[in-house]
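A quick write-up on the structure given underneath.
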Amino acid sequence: SVVTLVLNVSSQLVAGTVNGSDSLCVGSNSLFVSTVGGGVWSSSNPAVLSVLAASGQATALSAGVADVVYTVAGTGGCLSAQALKRVVVTAAAQAGLISGADSLCTGASALFVSTVGGGVWSSSNPAVLSVLAASGQATALSAGVADVIYTVAGAGGCLSAQALKR
């Protein structure tokens, strides 16, 4: 007697390549996609990056690093396949509060400071008030009105932040 055994062999699964932003600012959203369909989405660090399982829509929640994980479930004895995309989430830039003189006589100087470091100083009206970019040292050049501007550059997809003092 002959016994016939039918064996189904399944192909090894692949999860494709995950495409999407590799850097986000806290509070921003991004859609991640895979080159292969049929999978579900998740985050390796949900406190940093929330990802909707069905769509790949992600929301940056706090500064840190998370992997966007795309999983295609295994069938027929094959293991599940995963593809990852590392995402760095950056906190929004803060320019702090500016302190310094409220008014100056022509020819007088004053130092302006911010509660946050790492920024660059400027004047909204350089013909009235000259401000040294690195130090915040300002000199009144002529009568008029000018804002002292302190700009901290954004990083990781975040916009720059500005503080003003008139």
Ala153 and Ala93 have their tightest heavy-atom pair at O-CB, 3.9 Å
Could you check whether any side-chain N or O of Tyr150 sits under 3.5 Å from a backbone N or O of Leu97, counting only pairs where one atom can act as donor and the other as acceptor? no
Are Val69 and Val48 linked, directly or through intermediate hydrophobic residues, by side-chain heavy-atom contacts shorter than 4.5 Å (ILVMFWY only)? no
Is any side-chain heavy atom of Asp22 closer than 4.5 Å to one of Arg86? no
Could you check whether any side-chain N or O of Ser34 sits under 3.5 Å from a backbone N or O of Val18, counting only pairs where one atom can act as donor and the other as acceptor? no
For Asp147 and Arg166, work out which heavy atoms get closest and say how close. OD1-NE, 2.8 Å
Heavy-atom nearest pair, Phe112 first then Ala101, reads CE2-O, 3.3 Å
Any donor-acceptor N/O pair, Ser130 side chain to Thr139 backbone, under 3.5 Å: no
For Ala66 and Asn45 the tightest heavy-atom approach is CB-CB, 3.7 Å
Walk me through whether Leu61 and Val89 qualify under side-chain contact (heavy atoms from CB on, under 4.5 Å). CA-CA 8 Å; Leu61 302 175; Val89 178; over 6 Å; no
If a pair satisfies side chain to side chain donor-acceptor pair (under 3.5 Å) and one of its residues is in residues 88-102, list it, with sequence neighbours excluded. Asp102-Lys165
For residues Val113 and Val148: do they belong to one hydrophobic cluster (side chain heavy atoms under 4.5 Å, members Ile, Leu, Val, Met, Phe, Trp, Tyr)? no
Within-4.5 Å side-chain heavy-atom neighbours: Leu164 and Ile149: yes
Atom CG of Asn19 and atom NZ of Lys85: how far apart are they, to the nearest 0.5 Å? 6.5 Å
Report yes or no: does Ser62 contribute a side-chain atom to a donor-acceptor pair with the main-chain N or O of Ala47 at less than 3.5 Å? yes
Stepwise, does the side-chain contact (heavy atoms from CB on, under 4.5 Å) test hold for Val87 with Leu24? CA-CA 7 Å; Val87 179; Leu24 293 171; 4.0 Å; yes
For Ser80 and Thr71, work out which heavy atoms get closest and say how close. CB-CG2, 4.1 Å
For a quick test of reading the model, state the closest non-hydrogen atom pair linking Cys25 to Ala60 and the distance between them. O-CB, 3.4 Å
Quick check: do Trp121 and Leu132 have side-chain heavy atoms less than 4.5 Å from each other? no
So, taking the atom named CZ in Phe32 and the one named CD in Gln57, what distance separates them when rounded to the nearest 0.5 Å? 9.0 Å
Quick one, Ser122 and Val131 - any side-chain contact, counting heavy atoms below 4.5 Å? no
Does Leu49 offer a backbone N or O that forms a donor-acceptor pair with the side chain of Ser43 under 3.5 Å? yes
